[in-house]
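Atoms considered below: every heavy atom in the structure, side chains included; atoms not considered: hydrogens, waters and symmetry mates.
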Amino acid sequence: EAYLAQAVLAEWCQHPGRFLPYTCFPSIEGSAAMPEFRCAVNENNKSTELPLLRIGGTVQQNPHMRAFWSSTISFFLAFLGWFALAPLSLDVAFSMEICENQKFPPSDFPLRKPYLQFKNLKSEKLYCRYGKNDADEPTDCKPVPEEKEVEFNCASDGTAPECSPYDPTVLTRCVCTAGTDCRSVLGNAGIASVASTIFVRVALGTLLERFGPTNVQCGLMTLAAVWVALATAITAPWNFILIRFLIGMAGATFVTNQFWCSLMFAPNVVGTANATAAGWGNLGGGVTQIFMVVVLFQPFKEAGMDPDTAWRVSLLFPAAFCLITAICVKLFCWDTPTAKRFHPSDTGKTQGASLWDYVEVLKDMRVVVMIFQYSACFGTELAMNNQLATHFRSYFQMKADQASTLAGCFGLMNLFARSLGGMFSDGLASKFGFRGRIWAQFLALFFEALFLFAFGSIDNTNEWYVALIVLVMFSTCVQMAEGTSYGIVPFMNKKQLAVVSALVGAGGNLGAVIAGFAFY
């Protein structure tokens, strides 16, 4: 058997058109022996452990943890750029002059429905000073009561604010409530930002096999940097929606993240590795809610910048981070434990990448079911990343920094929850086999549904901390469901791992698009 293995390797290394593994170069370290890895490996040179702090050594000695941290950090920063505009959306709307009170000044259009239904939650005051003429479908405010007309001498003077049934001073800087053109533009932009990722994620199934994870990740991060930087030039709804569509390509870095880790880690830890890498990458969706407003936008305003300039300058930072990361991934990482570049044979395929692979994979109904299961968890997370900051600012009428902090708490659960889902999946699998992974997936999705219903039942008569408590529980279950999903994916079709990862990842964005059209 040993002789046969050497003969096969010798034949492979002599083929002129193939990507050659490390063992084809006996001059390296003086022999054809494999290097001593910093991680314990199995017979396929995949790491059987996940030592998070073991980051030293050359790329030959420690390709596993380099790939883990590179895929995690690049995905994190891609998320940072992907949703950088979400917490700033009301300020962008004001710059585009699409707020309801900009398009329809209350002095000229006092009977606009968003005004008639407006209530300032801080002051408890209504736009309709003396109430609406109909509680559900108002067409006007109630007239000034006779006693108020007498009290403020409205008949002869009429200059007192109390002599008007309308109180435009209670309106926020940008009225962008449900039913306004402003809300429609922001909703369409949110849908566009996740729709583009569907197509790129699907395409990555073939691109990863042709170019390898390092090249693909480098290309995606470079594109992300370009589009985020161009977002500083937004002036109108059409280019706002277009830019968010183009930035959405950065979300495809998730597929590379999962495929790369699956190449590097053994079955006993691949669920945990995939969940941790993706979870800490998804953490960028929560961090950006806080980082863009609390760390960049607000300090720039306090330093003297006007809001229009402040949000544009803030976007340059995630753009720079993405570009720097792209360079580092290209220079310092390998695709597989023993080769700088990936080849389809590394996953057992005998043929190169083909579009027909997608058809073959989709014939398996288990893959189709997993696509929709992932759309129910990751799709929910994307919808929340797009909507939460605006929801807290417009519906709960919170300040930008407060709203972004609460919205950020949803994504911050990725710090542990997605990894918890992966460990839950690996733990049940060790006791009950593959069926244990199915049960882990079911339980995570079931409790996600319960807490989603609970969060949807909270209105603005509740205190903010009630919404936060339910949001944290809801988010924990969402991230765990994502972790249990990619505890299953590496075992569904090992030869078509890239395509399965791409299709399931695209399913997550499909869920966000469905939610956007259906509810936002």
For residues 438-445, which side-chain N or O atoms pair as donor and acceptor with protein atoms under 3.5 Å away, sequence neighbours left out?
{"from": "Q441", "atom 1": "OE1", "to": "T484", "atom 2": "OG1", "distance (Å)": "2.5"}
{"from": "Q441", "atom 1": "OE1", "to": "S485", "atom 2": "N", "distance (Å)": "3.2"}
{"from": "Q441", "atom 1": "OE1", "to": "S485", "atom 2": "OG", "distance (Å)": "3.3"}
{"from": "Q441", "atom 1": "NE2", "to": "Q373", "atom 2": "OE1", "distance (Å)": "2.9"}
{"from": "Q441", "atom 1": "NE2", "to": "S485", "atom 2": "OG", "distance (Å)": "3.1"}

Could you go through M370 and I488, starting from their C-alpha distance and side-chain angles, then the distance that decides it, and tell me whether this counts as side-chain contact (heavy atoms from CB on, under 4.5 Å)? CA-CA 9 Å; M370 181 55 66; I488 295 173; 3.7 Å; yes
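- For Y395, the OH atom counts as densely surrounded, since its 6.0 Å shell holds more than 12 non-hydrogen atoms of other residues, nucleotides or ligands.
- Identified under the ring pair (Phe, Tyr, Trp, His ring centres under 6.0 Å) test for residues 245-272, with sequence neighbours left out: F75-F254, F254-Y374, F254-F378, F254-Y486, F259-F342.
- With sequence neighbours excluded, the residues that form a side-chain hydrogen bond (donor to acceptor under 3.5 Å, both in side chains) with S262 are N274.
- Under the side-chain hydrogen bond (donor to acceptor under 3.5 Å, both in side chains) criterion, Q217 pairs with S74, T256, sequence neighbours left out.
- The closest side-chain heavy-atom distance from R54 to E49 is below 4.5 Å.
- To the nearest 0.5 Å, atoms CD1 (I73) and CZ (F321) are separated by 12.5 Å.
- A donor-acceptor pair under 3.5 Å is formed between the side chain of T222 and the backbone N or O of C218.
- Smallest separation of non-hydrogen atoms from A502 and V202: CB-O, 4.0 Å.
- With hydrogens and angles disregarded, a donor-acceptor distance shorter than 3.5 Å links the side chain of N386 to the backbone of G190.
- The backbone N or O of V472 sits nowhere less than 3.5 Å from a side-chain atom of S475 that would complete a donor-acceptor pair.
- Taking all atoms of both residues into account, the shortest heavy-atom contact from C261 to A277 is SG-CB, 3.7 Å.
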Checking F79 against T253 for the side-chain contact (heavy atoms from CB on, under 4.5 Å) test, could you report, in this order, the C-alpha distance in whole Å, the side-chain angles of both residues, the deciding distance, and whether it holds? CA-CA 9 Å; F79 245 95; T253 51; over 6 Å; no
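- Within the 4.5 Å cutoff, the side chain of L388 has heavy atoms near those of the L471 side chain.
- For R393, the salt bridge (charged side-chain N to carboxylate O under 4.0 Å, His left out) partners are D91, not counting sequence neighbours.
- Looking at residues two or more places apart in sequence or on another chain, you find a side-chain hydrogen bond (donor to acceptor under 3.5 Å, both in side chains) between E360 and W356, K363.
- For the pair Q61 (side chain) and T58 (backbone), a donor-acceptor distance under 3.5 Å is present.
- Residues forming a salt bridge (charged side-chain N to carboxylate O under 4.0 Å, His left out) with D335 (at least two apart in sequence, or on another chain): none.
- Here W227 contributes atom CH2 and M249 contributes atom CE; the two are 6.5 Å apart, rounded to the nearest 0.5 Å.
- Using modelled atom types, one side-chain atom of R201 and one backbone atom of G251 make a donor-acceptor pair closer than 3.5 Å.
- Of the possible polar contacts, one joining the Q289 side chain to the N385 backbone as a donor-acceptor pair under 3.5 Å is found.
- Between the CG atom of N215 and the SG atom of C333 there is a distance of 11.5 Å, given to the nearest 0.5 Å.
- Note that CZ of F332 and CD1 of I327 are 10.0 Å apart. Values are rounded to the nearest 0.5 Å.
- Residue C39 comes nearest to P51 through the heavy atom pair SG-CG, 3.7 Å, listed as atom of the first residue, atom of the second, then distance.
- The line from CZ of R66 to OG of S71 is 13.5 Å long, rounded to the nearest 0.5 Å.
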Run M65 and N62 through side-chain contact (heavy atoms from CB on, under 4.5 Å) and show every step you take. CA-CA 6 Å; M65 296 314 297; N62 201 3; 3.5 Å; yes
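- Separation of the F317 and F291 ring centroids does not fall under the 6.0 Å cut-off.
- A pairwise comparison of heavy atoms in V489 and S501 identifies CG1-OG, 3.9 Å as the closest pair.
- Within 6.0 Å of atom CZ in F199, 12 or fewer heavy atoms from other residues, nucleotides or ligands are found, so the atom counts as exposed in its surroundings.
- No donor-acceptor distance shorter than 3.5 angstrom exists from the side chain of S375 to the backbone of G511, with no hydrogens or angles considered.
- Heavy-atom minimum distance, A512 versus L382: CB-CB, 3.7 Å.
- Side chain of N42 to main chain of N44: a donor-acceptor pair is present (N/O by atom type, distance under 3.5 Å, no hydrogens or angles).
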Donor-acceptor pairs are to be reported for all side-chain atoms of residues 80-88 against protein atoms at under 3.5 Å, with residues two or more places apart or in another chain.
{"from": "W82", "atom 1": "NE1", "to": "S193", "atom 2": "O", "distance (Å)": "2.9"}

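- With a 4.5 Å cut-off on side-chain heavy atoms, V294 and S404 count as touching.
- Between P318 and L77, the closest side-chain pair of non-hydrogen atoms is not below 4.5 Å.
- Under the rule for a ring pair (Phe, Tyr, Trp, His ring centres under 6.0 Å), the partners of W69 that lie at least two apart in sequence or sit in another chain are W280.
- Between the N509 side chain and the T197 main chain, no donor and acceptor come within less than 3.5 Å of each other.
- Side chains of L204 and L220 form a contact here, defined as non-hydrogen atoms less than 4.5 Å apart.
- Taking CZ of F297 as the start and CH2 of W311 as the end, the distance is 10.0 Å to the nearest 0.5 Å.
- A search for ring pair (Phe, Tyr, Trp, His ring centres under 6.0 Å) contacts involving F491 returns nothing, not counting sequence neighbours.
- H64 contributes a side-chain N or O that, together with a main-chain N or O of N45, makes up a donor-acceptor pair within less than 3.5 Å.
- Under the rule for a side-chain hydrogen bond (donor to acceptor under 3.5 Å, both in side chains), S70 has no partner lying at least two apart in sequence or in another chain.
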Verdict with supporting geometry, E448 and C377, side-chain contact (heavy atoms from CB on, under 4.5 Å): CA-CA 8 Å; E448 174 195 335; C377 50; 3.5 Å; yes
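- Residues satisfying the salt bridge (charged side-chain N to carboxylate O under 4.0 Å, His left out) criterion with R418, sequence neighbours excluded, are E482.
- Contact between V216 and F211 at its shortest, heavy atoms only, is CG2-CB, 4.2 Å.
- Atom CD1 of I55 sits in a sparse spot, with 12 or fewer heavy atoms from other residues, nucleotides or ligands closer than 6.0 Å.
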